[in-house]
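Next up is a structure, given as C-alpha cells.
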Amino acid sequence: MKDAYFPQEIEKKWQKIWEEKGTFKTPDSSDKPKYYALSMFPYPSGKLHMGHVRNYTITDVIARFKKMNGFNVLHPMGWDSFGLPAENAAMKHGANPETWTDENIAYMTKQLKMLGLSYDWDREVATCKPDYYKWTQWLFLQLYKKGLAYKKEAAVNWCEECGTVLANEQVIDGKCWRCDHIVEKKYLSQWFLKITDYAEVLLEDLDKLPGWGDNVKTMQANWIGKSQGAILRFKVVEKDLEVPVYTTRPDTVHGITYLVVAPEYKDIEELTTPENKEAVEAYRANARKMTEIERLSTDRVKTGVPLGTHCINPFTGEKFPLWTADYALVEYGTGAVMAVPAHDTRDFDFAKKYNLPLKVVIQDTQNPSDCKDAAYTEPGVLVSSNEFNGMGNEEAKKAITQKAVDGGFGEFKTQYRLRDWLVSRQRYWGAPIPVVYCDKCGIQPVPEEQLPVLLPKDVDFSVVGKSPITTSKTFVNTTCPCCGGPARRETDTMDTFVCSSWYYLRYSDAKNDKMPFAKDKVNKWLPVDQYVGGIEHAILHLLYSRFFTKALRDIGLLDFDEPFKNLLTQGMVLKDGSKMSKSKGNTVDPDEIFENYGADTARLFILSDSPPARDFDWSDAGVEGCYKFLNRVWRLISSNADNISLNYPELKAGSLKKKDNDDLLRVIHMAIKGITNDISNDFQFNTVISKYRELVNAIYDWQNKKPELDDEDKNILSFAIVSLIKLMSPVAVHLTEEAWHDLGSEVSIHDVEWPKWDENLAKASSITLVVQINGKVKDKIEADEALSQDELKALALNSEKVKELTQGKTIVKTIVVPKKLVNIVVK
RNA sequence: GGGCAUGUGGUGGAAUGGUAGACACGCUAGUCUUAGGAACUAGUGCUAACGCGUGGGAGUUCGAGUCUCUUCAUGCCCACCA
C-alpha cells in the first residue's frame with residue numbers, strides 16, 4: 001500500500017473498474033426487498049453546481065447504505081432536458097437546441113461519474129429524446145381521452161421576454177419564474193390539464209405522507225387553498241339579473257352596505273347605467289393596462305367606481321349600490337364580493353375612501369367596538385341581524401346559509417384557490433402537443449400509432465415574437481386523421497413540468513418501446529422510497545407529480561396513488577452567507593474541487609457540517625479539513641497495512657485479555673451503532689462524519705500507547721480498521737475501495753454487508769454518576785454499572801462535596817435515575 | 001396581513017426532559033523540520049473568583065437548550081383568495 005494518498009489516481013482507476021464490472025447495475029428480479037432512491041433529475045444547464053453535488057451525494061450515500069443492508073436498490077439518473085435555455089442558447093450561438101443539450105448532457109455525465117455516484121446508467125432517461133417524449137405525448141392523449149386535458153380561451157400569464165404563456169405556479173410575485181420579466185395578462189386559447197378535479201384528494205392525501213416535512217405539506221395545502229363558505233345570490237333592482245357572490249363570512253350578511261364586481265366581471269356592461277358608462281369604461285381600460293405587480297400590490301390604495309345599479313339584500317330587504325373595483329378578482333369565486341366594511345379590513349378601507357356606510361353586526365360582548373377606526377374581524381355574537389341576534393358567529397354561518405338554501409338564493413360551497421394547470425408553451429424545445437386542427441372535424445388527437453410527433457428540424461430560431469416551430473414548412477401542414485383532408489398541427493409544445501411529472505415512473509422500465517412502462521414493473525419499484533431534492537419544488541414539480549400519479553392510477557396504468565413515500569428537501573449551498581450564484585460571483589466549481597482534492601473529499605465535506613435539510617455554508621477551510629482527515633485515515637491504514645489481516649477471529653465480549661483492547665472493542669461497537677442509527681434516523685450525515693472522526697481518533701490514541709503489537713493487538717486493530725472501512729465506504733467510496741483491495745480483498749467494498757454491533761458491547765463498561773443538588777451538577781463519580789438504585793443513592797450521599805453542601809440543611813427528597821444520576825433536593 | 005421554519009462559544013454545529021458546547025473550523029503554546037499553509041502534543045464558552053451561561057420574559061418539573069404560554073429577531077413560502 002502506498003504511503004501517500006493520491007485521490008485523483010485512485011478515483012479514476014476505480015470508476016473505470018466499476019463501470020466495466022457493472023458494479024451498480026440493478027436487476028429487476030431479486031429475492032431482496034426493493035428500495036428506490038431518487039434524486040430530482042437536473043436540467044442540463046452546462047455544468048454541475050454545488051447544489052447538485054449536495055443533492056446527489058446525499059441520495060448516493062442513502063442508496064449505498066441500503067444496498068449494504070440487504071436491499072435491491074434502484075438508483076437512476078436522467079435529464080430534464082427540454083426547456084427555454086437550450087432555445088435561447090441556440091438563438092445566441094446559432095446552434096441547434098438539441099446539439100447544445102447533448103453537449104451539456106455529455107459534460108455533466110462525465111462530472112457525475114467523477115463524483116463516483118452509484119447510478120445504473122442503463123436506465124438513464126432524457127425527456128427531449130423521441131423515445132421518451134413519445135410517451136409524454138401518449139400520456140397526454142390518455143389524459144385527453146379521460147377529459148383531463150382541454151383547450152379553452154382564458155386570461156393567461158404572458159411573459160414577453162420568454163415569448164410564451166406560463167402556469168399560475170410559474171408566476172412569482174407577478175414576475176416570470178425563469179427570467180424575472182414582468183408578467184402580463186393575455187386572452188388566448190390554450191391547453192390545460194384539469195388538476196382542479198383532484199384538488200380535494202391532493203389535499204386529503206397529504207395526510208398519507210408522514211415521510212414528508214410539514215413545511216412542504218403546508219405549502220401545498222396553502223396552494224390548494226380550500227375554504228368553506230357559501231354562494232349567495234342578490235337580485236339586481238334595475239335589471240332582470242342576479243349577482244352571485246362567494247363568501248366565507250355568511251354570518252355578516254346583515255352588514256352588507258355595497259357589492260363589488262371585478263372589472264372583468266362577465267355581466268358588468270349590463271350592470272352599468274348609461275350615466276356611469278364612461279367612468280366605468282375608463283376604469284376597466286385602466287385595469288387592463290396595469291401589470292400584475294401593480295394590481296396585486298397590497299400597499300396600493302383601493303380604487304373603484306359605482307355602476308349606478310343596485311341589489312337587494314334578501315335577508316333585510318335593504319337596497320345597496322353595486323361598484324366595480326379591482327380588489328375583486330375575476331378568477332376567484334364568482335368574481336363578485338359582498339362588502340361588509342365593519343368586518344372586513346379591505347371593505348373597510350374601501351368604504352372609508354368612498355364614504356360608504358358601515359353597519360356593525362358582530363360584537364365582542366366583553367369589549368364592543370363601533371368599528372369606526374378599524375374593522376372587527378374576530379369571532380363574536382350577532383347583533384342587528386333579526387332572528388339571528390345573540391347567536392355565535394360560527395353557528396350563524398351555518399344557520400344563515402341554510403336560510404339562503406331554503407329561500408332558494410344560496411348554497412353551501414367549498415372553494416379552492418388551485419387553478420387548472422396551463423401546459424401550452426409557444427416555444428420550440430418541448431414535447432409537441434399531439435393534436436391537429438381540421439376545419440371540418442375540429443380538434444383531433446393524433447392517433448397513437450403515429451406517435452411520436454417529432455420536432456421539425458427546418459426551423460428558424462432567429463424569429464422574434466412567435467414560436468420558432470411555426471417557421472417549419474413541414475411541420476404545420478398535415479392531414480386530418482379523421483377525414484383525411486388538409487389540417488394544421490398544434491404548434492404549442494408542453495410545459496417541461498409535464499415531462500418531469502412522470503420520469504420517476506419511466507426509470508422502472510426505461511427501455512420499453514411498447515408502453516411508457518410495464519404495469520408490473522412500475523408497481524414493483526414504485527413508490528419512490530426516498531426522494532431527495534430542493535425545497536424550490538415544494539409546489540410545482542411535487543404537486544404536478546402527485547396529480548399525474550393519481551390521474552394515471554384512475555386511468556388504470558398503475559396501482560398506487562402517491563409517487564414519493566419519503567421526501568427529503570435539502571437546504572441550499574451558501575457561500576459567505578448567501579446563495580451561490582453567478583451574479584454574486586460566489587460560486588465554487590466542482591471540477592476544481594475534484595482536481596485539487598478528489599471526489600471523496602467533496603463528498604465528505606458536502607455532508608459534514610450541516611444536517612441535510614439545513615442550509616450549508618461552503619468554506620474553503622472546511623474542504624481543506626476534510627482532505628486532511630482523509631489523509632489521516634489513509635496514513636492510519638497504510639502505516640498499519642502489515643499488521644492488518646482480513647481474517648481476524650471474531651471478537652466477542654470478554655474475549656480480549658487487555659483492558660485497553662476491550663475498551664477499543666467497545667468504541668468500535670459504539671461507532672457502528674451510532675453511525676447506523678444516525679443514518680437511519682433522518683440521514684444525519686453530519687453526526688455520522690463526526691463519529692468517523694471519533695473512531696479514527698480513538699484508534700490513533702490506542703496505537704500511540706502501543707510501541708509493539710502482539711497477536712491480540714493485531715486482531716483488535718484489524719477489526720477496527722475493517723469496521724472503519726466499511727462504515728466509511730458509502731461516503732469515501734474510492735478511498736475505501738482502494739484500501740480494501742490493498743488489504744487483500746478480492747471483493748468490492750461496495751458488495752459487502754454493513755457491519756453489525758453487539759448491544760452489550762455498544763456501551764461503556766463503567767458509568768459516570770452525576771450528582772446534583774437541587775438540579776445543579778455538583779459532583780461526578782465513576783461507578784460500576786451494576787449498582788442498584790439504593791447503592792447509587794448511598795454513593796452520592798457519601799460524596800465529600802455533597803456532605804459539605806448539605807451540611808445544616810434538610811434533605812427533602814432524592815431522585816435516582818438508574819445508571820446515570822442522583823438529584824438531592826435540599827431545603 | 002397569513003403560514004412555516006430557525007435562534008446554543010469567534011464560526012459550522014452536537015445534545016431519548018438528566019454532565020450544555022460532541023465533532024470540526026479558527027486561535028494559543030509546544031515538538032519535529034532549512035522551511036511550513038504538513039504532521040504530532042497540549043489548551044481554548046464567559047468570569048480574577050464565588051459563580052454565570054442555549055434571543056428576552058413567565059410557567060410546568062426534583063431537574064428545561066429540549067415541554068407550555070408570551071415576546072423579539074432572522075429566513076423562506078403565500079398573499080386584495082372575499
Side-chain angles (χ1 to χ4, degrees), chain A residues 172-173 213-223 225-227 229-230 245-250 252 260 262 295-300 302 325-329 331-340 343-347 349-350 377 415-419 535-536 538-539 571-572 574 577 605 608-611 613-626 628-629 631-632 635 674 677-678 681 684 686-697 700 704 768-780 812-817 819-826:
Chain A
I172 317 286
D173 289 337
D214 285 338
N215 54 343
V216 178
K217 287 193 276 190
T218 314
M219 278 160 78
Q220 291 211 356
N222 289 344
W223 187 263
K226 181 179 182 173
S227 71
V245 305
Y246 172 72
T247 181
T248 53
R249 294 297 304 273
T252 64
V260 182
R295 192 162 161 185
L296 291 178
S297 165
T298 334
D299 313 328
R300 198 162 67 87
K302 290 181 177 46
D326 59 14
Y327 81 91
L329 307 173
E331 319 93 89
Y332 187 74
T334 62
V337 186
M338 63 178 223
V340 185
H343 304 295
D344 181 283
T345 50
R346 294 155 302 185
D347 299 342
D349 293 345
F350 190 80
T377 56
Q415 182 76 35
Y416 300 91
R417 286 184 33 216
L418 185 69
R419 314 285 159 76
I535 186 76
E536 66 272 19
I539 295 171
M572 287 185 300
L574 312 176
F605 176 57
S608 66
D609 265 2
S610 298
R614 251 196 266 178
D615 286 349
F616 176 88
D617 209 345
W618 183 274
S619 85
D620 295 334
V623 184
E624 194 74 35
C626 285
K628 285 182 192 169
F629 174 66
N631 272 286
R632 195 166 140 82
R635 276 197 310 275
N677 288 344
D678 282 357
N681 177 23
Q684 298 176 49
N686 55 329
T687 54
V688 167
I689 286 158
S690 73
K691 283 173 177 123
Y692 292 161
R693 291 175 183 272
E694 282 176 353
L695 180 56
V696 170
N697 291 344
Y700 268 113
N704 287 344
T768 306
L769 182 70
V770 175
V771 183
Q772 296 182 331
I773 294 179
N774 291 345
K776 301 264 182 207
V777 178
K778 296 295 174 189
D779 203 2
K780 294 169 193 179
V812 186
K813 199 172 172 185
T814 310
I815 286 114
V816 181
V817 181
K819 298 179 189 180
K820 219 172 229 167
L821 169 145
V822 176
N823 186 14
I824 301 161
V825 186
V826 299

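Chain naming here is simple, since letters A, B, ... match the order of the sequence lines and numbering starts at 1 in each.
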*Under the side-chain hydrogen bond (donor to acceptor under 3.5 Å, both in side chains) test, which residues partner A/E624, sequence neighbours left out?*
A/Y597
*Which part of the nucleic acid, if any, lies within contact of A/K628, taking any heavy atom under 4.0 Å across all strands shown: a base, the sugar-phosphate backbone alone, or nothing?*
sugar-phosphate
*Please check the phosphate of B/rA15 (OP1 and OP2 only) for any side-chain N or O of A/Q684 closer than 4.0 Å.*
yes
*Where the side chain of A/K780 is defined as all heavy atoms beyond and including C-beta, which of B/rC78, B/rU19, B/rA82 is the nearest nucleotide?*
B/rU19
*When you measure from the side chain of A/D678 to the backbone N and O of A/Q684, does any donor-acceptor pair fall under 3.5 Å?*
no
*Residue A/R693, side-chain heavy atoms: nucleotide from B/rA39, B/rG13, B/rA24 that is nearest*: B/rA24
_Test your reading of the model: is there a side-chain donor-acceptor pair from A/N774 to the backbone of A/V826, 3.5 Å cut-off?_
yes
*Should A/Y692 be listed as having a side-chain N or O under 4.0 Å from OP1 or OP2 of B/rC23?*
no
*asked:* Is there a side-chain contact between A/N697 and the phosphate of B/rA24, meaning an N or O under 4.0 Å from OP1 or OP2?
replied: yes
*Rounded to the nearest angstrom, tell me the gap between atom CG in A/D615 and atom P in B/rC76.*
9 Å
*Any idea which of B/rG18, B/rG26, B/rG13 is nearest the A/I815 side chain?*
B/rG18
*Expressed in angstrom and rounded to an integer, what is the separation of A/D214 atom CG from B/rC77 atom P?*
18 Å
_N or O in side chain of A/R614 less than 4.0 angstrom from B/rC76 OP1/OP2_ = no
*asked:* One thing to verify: whether A/D344 and A/R249 come together as a salt bridge, which I'm taking to mean a side-chain N less than 4.0 angstrom from a carboxylate O.
replied: no
*Output yes when at least one side-chain N/O atom of A/N222 is less than 4.0 Å from OP1 or OP2 of B/rC77, else no.*
no
*asked:* To the closest 0.5 Å, what do you measure between CH2 (A/W618) and CG (A/L574)?
replied: 12.5 Å
_Phosphate contact (B/rU41 OP1 or OP2) by A/N704 side-chain N/O below 4.0 Å_ = yes
*Does A/K820 make a side-chain N or O approach to OP1 or OP2 of B/rU19 shorter than 4.0 Å?*
no
_Under-4.0 Å side-chain N/O to phosphate OP1/OP2 contact, A/R635 with B/rA38_ = no
*asked:* Of the listed nucleotides (B/rC40, B/rG18, B/rA14), which one gets closest to any side-chain atom of A/Q772?
replied: B/rG18
_Under 3.5 Å donor-acceptor pair, A/K813 side-chain atoms to B/rC62 base atoms_ = no
